[in-house]
Amino acid sequence: MNFKKNIDSNGLETIVSKIAGVFTIIISGFVIIGWTFDVTIMKSISSGFVSMKANTAFGFLLAGIALFILNDEHSTKQKVKIAGICSSIVILIGGLTIVQYLFALNFGIDQLLFSETPGAIGTSSPGRMGLNTAFNFLLLGVVLLILKSKNNRLLFTSQLLIIIVVLVTWSTFLGYLYGIKDYLGFPGFTKMALHTSVTFIVLAFGALFTNPERGIPSLFLGEYKGIFLMRRLLLAIVLLPTLIGWVRYEGEILGAYSTTTGLIIMVVATTSFLFAVVLLVAKSLYNSEEEHKPILEQLQKLSLAVEHSPNYVIITSVQGIIEYVNPKFTQVTGYTKDEVVGINPRILKSGNTPLQLYKELWETISSGKEWKGELKNRKKNGDAYWEQIAISPIINSSGIITHYVAINEDITSRKMSEEELKMHRERLEELVNERTKQLQETNEILRTSEERFRSTLDTMLEGCQIIGFDWRYLYLNDTADKHNQRPKEELLGNKYMDMWPGIESTHIFSVMKRCNEERIAAHLENEFLFPNGSKGWFELSGQPVPEGIFILSQDITERKQNEEEIIKLNTELEHRVVERTAQLETANKELEAFTYSVSHDLRAPLRHINGFIELLQKNNTVSLDEKSNRFLNIISSSAKQMGQLIDDLLQFSRMGKASLKFSQIDMNFMVARIIEDLENSYSTNKIEWNLKTLPLVLADTPLLKLAVENLISNAVKYSAKANPPKIEFGCLQQNKTEVVFYVKDNGAGFNMQYVDKLFGVFQRLHSSDEYEGTGIGLATVRRIIHKHGGRTWAEGEEKKGATFYFSLPAGTEAPLPDHPETVNL
Amino acid sequence: MERIKKILYAEDNPRDRELTLAALDEYNLVNKVICVSDGEEALDYLYKRGKYANYEDEKLAAVLLDLKMPKVDGIEVLRTIKSDDNLKSIPVVILTSSKEEKDLVESYKLGVNAYVVKPVGFQEFVEAVKNIGLFWAIINETIE
């Protein structure tokens with residue numbers, strides 16, 4: 001049998017034992033008083049019964065005391081010793097008496113206390129207790145000695161002894177019950193008194209119930225349902241056979257049935273009774289099985305759950321000794337079930353966890369609360385592992401902690417990841433700190449930059465405004481305030497259209513709207529009318545920006561005014577130009593008319609002069625003398641000269657107003673033609689021509705021809721006296737922009753001192769007697785060449801010859817157009 | 001040589017007229033010259049009206065025209081002649097002191113047959129006139 005604490009002893013049994021002890025003492029006292037005063041009733045209950053002997057009473061007294069002491073929690077060691085002594089004396093009494101009986105000896109102890117008259121009822125020897133009584137005392141004394149033993153085997157022995165005592169006593173009691181005197185004791189020996197037997201039973205039960213949780217009583221005490229039944233059955237088992245026996249005995253005595261019948265009846269009755277008992281027990285068992293089945297199933301289920309749980313489960317006793325571990329535990333820690341059961345989980349300690357934690361743990365769970373935490377433990381092979389533990393106390397229905405269950409999860413990998421994570425986090429924090437520093441630095445730079453821009457915007461001469469997508473003013477600088485003629489505080493945060501009522505119908509709003517919505521830049525000039533009546537022109541540029549639109553405004557009122565001024569001036573100027581042009585045109589027309597008139601009308605009289613002189617001469621060649629003829633010749637040649645002058649002047653003036661028509665001219669060809677033409681007018685036979693290859697030029701053909709004609713005819717004229725006359729026409733290429741031509745002759749030449757006068761109008765360096773001419777030729781040449789953007793100059797030496805130079809722009813380039821000139825004649 | 005036709009000569013300046021006739025005299029053409037002093041008279045003669053209403057319609061060898069004439073100038077006469085189907089076949093010679101480009105252009109546009117600038121020198125003038133007369137009156141053939 002396992003002696004386990006499976007019963008809650010509530011102390012009732014101890015009280016019962018104590019009462020038993022007290023009862024025993026009282027009875028014994030009662031009897032002792034009876035013996036002292038020789039009161040039969042007290043000694044024997046009834047006069048026909050055997051009396052309780054003095055030693056018996058004394059024995060009971062001692063036994064009762066011992067029993068009481070043993071059941072008293074407050075008994076000191078000293079008291080227990082006394083109980084021991086009492087018990088020993090009881091053993092002695094019983095033992096000695098037995099020896100007296102067995103060896104027919106008399107130690108004189110029977111009458112030690114009190115004497116008894118011989119021949120007392122049921123007494124073999126005066127004052128001697130019955131053998132059965134003595135036997136009981138012997139056993140009981142031993143029982144009392146070992147009653148409080150911790151040794152389970154001894155206890156069991158004591159309980160067996162008690163049962164023997166009970167059986168012995170019971171048979172005696174039955175004898176009294178059934179009225180069979182013979183059974184009151186061993187034949188020939190003193191019989192047990194009635195009250196002795198009762199007292200023995202009481203004492204026996206008292207002793208039995210001293211250790212209610214252990215041994216036999218434990219079977220019948222406690223809360224199990226079956227035990228209720230057992231107790232009842234026990235009662236039945238005691239009572240019914242007694243009853244059946246009594247029925248049979250009385251029946252036999254009364255002659256109702258014979259002994260054999262009675263025997264049969266008794267056997268049958270007893271069997272039936274026993275059968276009934278068995279049935280009851282069987283039913284009770286079955287019921288409890290039934291009841292237990294779902295519980296068992298549940299239990300199985302739970303047990304399996306625990307067995308196969310992914311977490312490992314440790315169940316410990318109240319003291320913390322391991323009672324159960326599930327297979328996962330073994331898997332994780334390496335310890336098998338057998339290795340750990342009965343041991344404190346302390347072995348798993350890795351030493352990494354502070355003691356404080358364990359203390360906390362115990363305090364928490366022993367106070368009935370759950371404890372959750374993480375521990376670092378050691379496997380069987382020495383490896384460390386992390387576990388997350390939840391320990392909860394298991395409390396029974398009475399509120400007492402019976403076990404602790406710890407459910408653990410191996411979180412090693414998690415812990416490792418956590419460690420890694422922590423490391424990473426630390427690293428990250430480092431990086432973040434670094435980056436934050438960098439950012440701060442950048443921020444500083446940005447801030448400085450922002451401030452720079454901010455202050456720039458703030459102080460710009462142009463107005464700056466930022467309007468958000470929702471048309472609220474986000475920013476205005478001071479210049480914008482000036483332009484708006486409203487302080488920025490009035491405008492900031494408010495909507496554009498709210499601030500300028502009626503603006504939504506204006507062109508400026510539609511432009512800004514387009515800018516804000518379609519995200520394109522806008523630009524316009526607008527005249528604004530202010531509430532105070534003033535007007536101003538502003539140039540607005542709208543630019544989409546991330547926040548909305550940025551409007552740059554410039555006050556262009558002055559500029560506009562200036563522009564108007566300029567337009568006005570321009571118009572005036574144009575008028576004046578038109579006027580002046582008209583004037584010039586008129587002047588030119590007048591000049592044209594004048595020239596025409598000159599050319600036509602002046603020539604007529606000249607013609608007449610010449611004509612009539614000729615006629616005169618023709619008529620009077622004979623009659624007129626030489627002098628007269630000479631006079632007539634002079635008149636004639638003068639007239640001719642005048643005609644020439646007029647022609648030249650006409651040419652000169654005509655050329656002045658003409659605009660150049662450029663074309664590419666082959667100089668070689670032109671010069672050749674000019675020479676050809678000249679050969680008709682002048683005698684050019686003797687002339688030695690030296691003509692170089694000439695390039696192309698870009699010039700006005702008739703004018704250039706005129707110029708070249710003049711130059712060549714001059715050369716011819718002035719070299720006529722040379723022998724032979726040599727005329728050279730060539731070109732010097734001086735640079736890429738112009739071509740320089742020259743006409744060289746070996747004629748009269750001129751004094752370089754007067755070179756400046758050469759190209760003047762009507763300037764001559766020779767008299768008309770020497771060389772005819774009007775003095776306009778070179779002036780004409782100069783005029784023409786200058787019109788082309790070229791230059792004219794000359795070199796000469798008297799009597800040696802002269803070289804006349806002129807330059808023209810190179811063949812592919814056209815010079816700038818000239819402007820209208822008026823001729824000063 | 002057939003019968004020499006006549007020349008109609010329009011010139012407002014009498015001295016110029018005299019000189020021209022003196023020149024033409026070299027070829028004995030004086031009889032053949034009908035002188036008028038302005039464009040109006042020239043046209044009157046051509047259309048046989050006014051002063052010349054009763055004149056005989058004679059075929060002309062040429063019309064010698066000065067440009068600068070009062071009333072109706074040479075250009076106008078030229079235009080009239082050349083736009084009249086009956087007259088436009090008559091050769092017209094302009095004899096003028098103007099060398100103006102525009103006069104030349106205008107004249108040729110209108111279909112002048114010859115344009116001669118009066119030389120300043122008398123000899124040349126005479127030569128020119130003689131040549132004109134010789135050519136137009138004698139050498140040149142015209143429609144009968």
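The analysis underlying the following values was restricted to heavy atoms, covering all of them including side chains, and did not include hydrogens, waters or symmetry mates. What you are looking at is a predicted structure, and each value in this text was computed from that prediction instead of being measured. Sequence lines set the chain letters: A, B, ... in the order given, protein chains first and strands last, and positions in each chain run from 1.
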Considering residues, nucleotides and ligands other than Tyr47(B), do more than 12 of their heavy atoms fall under 6.0 Å from its OH?
yes
Test log, rule side-chain contact (heavy atoms from CB on, under 4.5 Å), inputs Leu615(A) and Leu19(B)
CA-CA 8 Å; Leu615(A) 284 172; Leu19(B) 287 173; 3.7 Å; yes
In terms of heavy-atom proximity below 4.5 Å to chain A, should Asn13(B) be classed as side chain, backbone, both, or neither?
side chain
If you count every heavy atom of other residues, nucleotides or ligands that lies below 6.0 Å from Arg15(B) atom CZ, does the total exceed 12?
no
For Lys109(B), is the NZ atom crowded, meaning more than 12 foreign heavy atoms sit under 6.0 Å from it?
no
Do other residues, nucleotides or ligands put more than 12 heavy atoms under 6.0 Å from the NZ atom of Lys661(A)?
no
Atom of Phe612(A), atom of Glu18(B) and distance for their closest heavy-atom approach:
CE2-OE2, 3.2 Å
